[in-house]
Every structure is written in C-alpha cells, then in structure tokens.
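Just below is one structure, and these are the notes that go with it.
To find a chain, count down the sequence lines: A is the first, B the second, and so on, and within it residues start at 1.
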Amino acid sequence: MILAVALAAAACSRSTDRTRIVLTGSSTIAPIAEDLARRYESTHPNLRIDVQTGGSTRGILDTRKGLNDIGMVSRALHPDEHDLHATEIALDGLAVIVHRSNPVRNLSLTDLRRIYTGAMTRWSELGGKDLPITVVHKAAGRATQELFLKYTGLADEQIRAQVIIGDNVQGIRTVAATPGAIAYVSIGSAQWEAAHGAAITATAIDGVPATPAAVATGRYPLVRHLNLVTRPSPPPHVRAFLEWATSPETAPIFRSHGVVPVPAARG
Amino acid sequence: MRRQSPLLVPAGLLLALVVALFDPHALPIAPALAGERWLPARSLFGIARFVSATFAVAGGALVLALPAALASALATHLWPRHGGVTLRRLTLVAGAIPSVVWGFWGLAALAPLLSRWHPPGQGLLAATIVLALMIWPTMALALDAALERIPDSRRLAALSLGMTLGQRLRLVVMPSLRHAATGAALLGLTRAMGETMAVLMVSGNVGDWPTGPFASIRTVTANLALEFAYAQGAHRDALLLSGLMLIVTTTLLFWWGRRLVTNQ
C-alpha cells in the first residue's frame, strides 16, 4: 500500500516536471525553430523548447555528443555524418544580392565566377554603373559558403574578396551601405530585410528569379536542404515534435520565413 | 590580495584554455602558427598576418586615442567644478557603450563615409577609428584618477609660487602623469587587442597584411569569432592556441599597465 502511494506520488511529480527539448545549430534554421517552438509549447504546456545557434557544424557535434535533443543543420549531411538520423524540413534558396541602386538584375553563372575570382572588377562590364565591384564572401565553415563554392565550382583560395562576413545580417548591412557590393545570403533573410527597408535587391541567376516559388518548382539553382538531426531512435516526445514540425499544420510558419516546406505539396 | 582580484578572471580563462589544450594533438600544431597563410582546409595555420593586424589596429587606435584621453582628462581636472563633473560623467557613459553598438555604427555610418574614397570603406582605418572611440574613455578615466591623486600641497605650492597655467601643466601636472599615461596606454592597448565584435564588423576580415588604410585585415579575435564554432580537429586546436597566445600577451600588458596606474 505504502509502495503504491509512493509510486503514485513519484508518477505525479514526474508528470508535473516540465520536459525539455534542446535544439542547437544552424543560425538559418534557428528563427524558424523558435517560431515552431512557440507554437508547439502553446499546445503542450508541460514542454519547454530551447533554441541555441552556433552553426550547422555545432548542430552535428552537439547531437553526436548528446548535448542537445535535436541538431539544426542547413545543408545535406556529409557522407561521414550518416550516423545521425536526419529529418528534412525545408528547402532554402541562396540569393545573390546587390545594392538597390544597382541596375544589374540578372547574373549568369559565368558572371558570378568572373566576379568572385577577380576577373571582372567593374559593374560597367555587365552594363551597370562605372563602379568597382566589392566582393563579399562568407567565412569558411558556413553552409551557405559551401553551397556557393559547390555551385560556382570554385575553391576557397580562388576567391578574391574585399570583405569576409560571418552571418547573413552582416552581409546585408555591408551591401546596403556599399553601392558596388555583391554578396550571397539566404533568400528568406534577403526578403525579410528588403521588406524592412534595407537597400538591397536579389538578382536573378541565369534568368531565374530568387524567390521561394522558383525554389519550390526546382528551377532555381542555388538550393540547400534544411535538416533536423537526432541520434538514432530519439525518445517519444522528440519524435512527436519532429512529426508535428513536418506536418501540414506548420507550412505557413516556414513560408513566413521565405523557405519552402518539405514536401512542397503539403498543406 | 585585493589588487590581484582583477587577474582572477583572465587567470581562470587561461587555466580553462590550458586544460582544453591538454590534448597531445594540439601542441605539435604550435610551430605551424608561425606561418603566413591561414588555409585550414589545407592544414595551413599561419597567423602572422592576423597578429600583425592586431598590433597595427590596436597601436593605431592608441595613437589616436591617447591625445584625446589626455586632453579630456586635463579638461575634467582643470574645468571649474560642474563642468568637470559633467565631463567625467559623459566619459563614464561613453565607456559603458557596448562594443556591438560601436561596431554597428562603424558598419552603418563610418564605413559608408570612408567608402567615398575607397569602397567598401571597411578595413584597417575604419577598425582603428572605431577602436580609438572605444578605448579613449577607459584611458581618460585612468588619467583623470591619476590627476586626482596629485597632493593638494603640491598644487597649492605651485599656485603660491604664482605659476601660470602653462607652467603648472609643464612643471607639476605632466611629470606626475608620466607613469599613469604609460599605464593608461597599456590598458587601452589591451582592451583594443581583445576587442572582437566591433572590429569584426568593420575590418573587412580578408586577412591582408596591414599595409594601407583600406587593407582588409583580420585580427586574431575576429578570426576566433568567425571560425571557432565551425572548427574541428587541428583547425580547432590552432584557434585555441592563437587564443592562448593572445590572452597571455594581453594579461601581461594589462598587469604591467595596472601596476603603472596604481603605483605612483
């Protein structure tokens, strides 16, 4: 009898104890994850979700070491990372951005290669103003930098940049303050900042506009996969969150961040 | 004992770094740091350009900020009561502005201004100006404190000798400031060398040698901030070692500067 009471008490105290889900990793996914967390917490009052940034690599490392419940990784997993279980949540495009006053609104892959290797140094060569081109590149290790190098087929040492940045916001601020600058950032970030007054605009790549719609149809070339990763066989409350995060219900949250929910057809 | 307490934090950090480095793989990397090229993907971990950029930008900031700090400390001291007090409060407020605010100002206002001469305006000069603005309050307050410590007897003696303001500055004030000025300069230098976010936002970060005002430089701290979260293995060890070197250097300079400011 006493044992039964003690067990019941223990069960009660456990159920009032709040369960936590910790997400760490990609700074591209973090704002989306925060919105997902807020929505999920409102229907699961006993659950707390913490989101911390630090880059896709941290997402992988923390997941391996068991420091988080879910890692946020804004690229496809590398071959040596398949010890982890990945859930693809969305597709994100990489926009090439220029200053709003720059009349150049379309760039070919060849143009991008020539600009980023320093073979082309003035906008007038592309029919723009007679301004020097300021090349803005990302620091090593960023998922966006990896994607850009892969798409252009360039090695990091071949890039001749004037500015190297850490995150999307720094890139957008630099381009907004420099009429001759060019950079590449997440389409979601570019759209949000442009809508809130930053003097930037996204160029088309080989005639395809940098929009979530073009990403969804698969026509836009600079696309990456946003993933949530876990150790194999995660606990039930984590699995439930992942299932909800990829359900049709969450699609509007992804769209509001300028990324395309996967599968694109859902919702 | 109390005077040593400000060293506890750097000492703790130092210990943490040494513990983090207590890994047999890390130390063999040390000689690689002497190289010129930083290309982690090719296992090249030379930080010569980053170290020279750190010294160039911190030294330049010192050259700009020291005269300004000296002038404002003297003005605080010589100005009749309320003016001096107000100026000191303003200096305190200026010293409390977070570095990210300076960095953002540099990125949004200073760099566009400098880019009229040389786009994008980010680089050695912009970083130097931002750092100078950040360190002058610290230095001005250290000098101000040293001026306050000049004994009244000496001040009154100078006045009773009928010295002019110029004579008092030259014969009484300046000689007693010599140590404090060196100390304040070292405090400013260590703050400038350790500064990360503000510099990261305006220095360009490509990693050129600091050979011109618009060289796109990367400091040791900016390199840590840009790459640490993404680094693994030897790359991470090299970053930890560069951080260890920086903290040893700044701790020594800080300790020396503090001694000069407090021991008169």
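- The two residues Pro119(B) and Pro132(A) have their closest heavy-atom pair at CG-CG, 3.7 Å.
- The greatest number of non-hydrogen atom pairs below 4.5 Å with chain B, out of Gln170(A), Arg142(A), Arg58(A), is found for Arg142(A).
- Looking at Asn205(B) and Ile165(A), their side chains never come closer than 4.5 Å, going by heavy atoms from C-beta outward.
- Counted within 6.0 Å of CZ on Arg89(B), heavy atoms from surrounding residues, nucleotides or ligands total 12 or fewer; the atom is thus considered open.
- The environment of CH2 in Trp105(B) is crowded: more than 12 heavy-atom neighbours from other residues, nucleotides or ligands sit within 6.0 Å.
- When the shell of 6.0 Å around OH of Tyr151(A) is examined, it contains more than 12 heavy atoms from other residues, nucleotides or ligands.
- Exactly one of Ile164(A), Val163(A), Ile159(A) qualifies for a side chain to side chain contact (heavy atoms under 4.5 Å, CB included) with Val206(B). That residue is Ile164(A).
- Atom CG in Asp156(A) sits 10.0 Å away from atom CZ in Arg42(B) (nearest 0.5 Å).
- In this structure, chain A has no heavy atom under 4.5 Å from any part of Phe228(B).
- Gln162(A) places none of its side-chain heavy atoms less than 4.5 Å from the side chain of Gln122(B).
- Only the side chain of Leu39(B) comes within contact range of chain A, with at least one heavy atom under 4.5 Å from a heavy atom of that chain.
- Using a 4.5 Å cut-off between heavy atoms, Ala139(A) touches chain B through its side chain atoms alone.
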